[in-house]
Amino acid sequence: MPIPDFVVQLRSHVGTAPLWLPGVSAIVTDEHGRVLLTRRADNGMWAVVSGILEPGEEPAVAAVREVLEETGVTAEIVRLTSVDVTAPITYPNGDVAQYLDVCFLLRATGGDARVADDENLEVAWFAPDALPEPLTETSRLRLGKALAGRAEAWFRQ
């Protein structure tokens, strides 16, 4: 998974020490109610589209950008679905990060779902009641919150 330049610069100063980073996740649906998932190259698991915000980038803009960059699908924001914090993640190279994740529901507006970067091995649409395995637990939770039909965003209180 490519590391944004600003994170590479931070890592040159802090090494593998824990970093607190802003991230976005995107639950993309199509006209049939299916959800768009990617099978990640770093762990082989299926997941919703996600990524790190660039410095100063708006979260909704980042979600739309990540969907296009990773899957070739154009999409528009429907609503904010959840805001939560991940557990610390230790990557194979020893880097540790923890993410503030802002998750959005998006509607596909065009493009053909395909692997559009080197972060993913597969990209496909799935019915919500027929999700692939292995699916990351964070994706399962975000999908549940996004597809629950609630108008308001979920957050821990």
Side-chain angles (χ1 to χ4, degrees), residues 1-4 6-7 9-11 13-40 42-71 73-92 94-109 119-120 123-157:
M1 183 176 261
I3 301 172
F6 81 95
V7 175
Q9 292 174 358
L10 282 171
R11 289 281 179 212
H13 297 287
V14 301
T16 60
L19 286 181
W20 172 251
L21 296 169
V24 292
S25 293
I27 310 298
V28 184
T29 61
D30 69 3
E31 69 274 10
H32 306 291
R34 299 177 301 174
V35 294
L36 183 65
L37 298 176
T38 64
R39 191 163 67 87
R40 298 171 53 109
D42 62 348
N43 63 17
M45 298 183 76
W46 287 94
V48 300
V49 174
S50 62
I52 298 171
L53 276 76
E54 296 292 332
E57 186 176 29
E58 291 287 340
V61 172
V64 171
R65 174 184 56 77
E66 287 288 345
V67 170
L68 181 60
E69 286 178 0
E70 293 188 16
T71 71
V73 171
T74 57
E76 63 186 10
I77 299 290
V78 174
R79 65 181 179 83
L80 176 69
T81 62
S82 63
V83 178
D84 66 309
V85 175
T86 69
I89 300 167
T90 301
Y91 291 96
D95 288 352
V96 179
Q98 189 168 18
Y99 298 93
L100 170 65
D101 184 77
V102 181
C103 186
F104 294 92
L105 178 65
L106 292 82
R107 177 180 19 258
T109 58
E119 296 181 38
N120 298 297
V123 172
W125 294 99
F126 296 92
D129 62 352
L131 298 174
E133 292 295 340
L135 179 66
T136 65
E137 187 58 29
T138 54
S139 292
R140 192 176 310 284
L141 293 170
R142 290 178 185 133
L143 284 160
K145 294 168 189 170
L147 301 177
R150 298 177 63 186
E152 66 279 355
W154 179 94
F155 53 89
R156 191 171 313 281
Q157 295 188 43

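Given the structure is predicted, the values throughout are model-derived calculations rather than measurements. Heavy atoms only: backbone and side chains are in, while hydrogens, waters and symmetry mates are out.
- Judged as a side chain to side chain contact (heavy atoms under 4.5 Å, CB included), and not counting sequence neighbours, the contacts of Glu76 are Arg107, Thr109.
- Inter-residue side-chain proximity for Val85 and Asp101 is flagged as unmet; no heavy-atom pair is nearer than 4.5 Å.
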Inset, instruction - Determine, step by step, whether Asp84 and Trp154 satisfy the side chain to side chain contact (heavy atoms under 4.5 Å, CB included) criterion, reporting the C-alpha distance in whole Å, the side-chain angles of both residues, the deciding distance to 0.1 Å, and the verdict. - result: CA-CA 8 Å; Asp84 66 309; Trp154 179 94; 3.6 Å; yes

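- Taking both residues in full, the closest heavy atoms of Leu53 and Ala62 are given as CG-CB, 4.0 Å, listed atom of the first, atom of the second, then distance.
- We find the SG-CZ distance between Cys103 and Arg142 to be 6.5 Å, quoted to the nearest 0.5 Å.
- Side-chain atoms of Gln98 come within 3.5 Å of backbone N or O of Thr86 as a donor-acceptor pair.
- In this structure, CZ in Phe126 is found 5.5 Å from CG in Leu37, a value given to the nearest 0.5 Å.
- You'll find the side chain of Val35 reaches within 4.5 Å of the side chain of Leu131, heavy atoms only.
- Atoms CG and OG1, from Leu147 and Thr29 in turn, are 7.5 Å apart once rounded to the nearest 0.5 Å.
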Inset, instruction - Could you go through the salt bridge (charged side-chain N to carboxylate O under 4.0 Å, His left out) check for Arg140 and Glu133 one step at a time? - result: CA-CA 11 Å; Arg140 192 176 310 284; Glu133 292 295 340; 2.9 Å; yes

Legend entry - side chain to side chain contact (heavy atoms under 4.5 Å, CB included) evaluation trace for Tyr91 with Val96: CA-CA 6 Å; Tyr91 291 96; Val96 179; over 6 Å; no

Legend entry - CA sep, side-chain torsions, deciding dist, call: Thr38, Thr71, side chain to side chain contact (heavy atoms under 4.5 Å, CB included): CA-CA 8 Å; Thr38 64; Thr71 71; 3.8 Å; yes

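- Only one option out of Glu54, Glu70, Glu57, Glu58 pairs with Arg65 in a side-chain hydrogen bond (donor to acceptor under 3.5 Å, both in side chains); it is Glu57.
- Pairing each heavy atom of Trp125 with each of Val28, the nearest pair is CZ3-O, 3.6 Å.
- Ala97 and Leu21 get closest at one heavy-atom pair: CB-CD1, 4.2 Å.
- Of all non-hydrogen atoms in Ala26 and Leu106, the two that sit nearest each other are CB-CD1, 3.6 Å.
- A heavy-atom distance below 4.5 Å is found between the side chains of Leu100 and Val83.
- In this structure, Phe155 places its CZ atom where only 12 or fewer heavy-atom neighbours from other residues, nucleotides or ligands lie under 6.0 Å away.
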Inset, instruction - Under the side chain to side chain contact (heavy atoms under 4.5 Å, CB included) rule, what do Arg11 and Leu19 come out as? Steps first, then yes or no, please. - result: CA-CA 9 Å; Arg11 289 281 179 212; Leu19 286 181; 3.5 Å; yes

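- Minimum heavy-atom separation, Ala47 to Thr136: CB-OG1, 3.9 Å.
- With values rounded to the nearest 0.5 angstrom, Ser50 atom OG is found 5.5 Å from Arg40 atom CZ.
- Put simply, the side chain of Val48 reaches to within 4.5 Å of the side chain of Leu143, judged on heavy atoms.
- No hydrogens or angles considered: nothing links the side chains of Thr16 and Asp95 as a donor-acceptor pair under 3.5 Å.
- To the nearest 0.5 Å, the span separating CH2 on Trp46 from CG on Asn43 amounts to 12.0 Å.
- In summary, the aromatic rings of Trp20 and Tyr99 are positioned with their centroids too far apart to meet the 6.0 Å limit.
- Between the CD atom in Glu152 and the OG atom in Ser82 there is a gap of 12.0 Å [rounded to 0.5 Å].
- A pairwise comparison of heavy atoms in Ala127 and Arg34 identifies N-CG, 4.1 Å as the closest pair.
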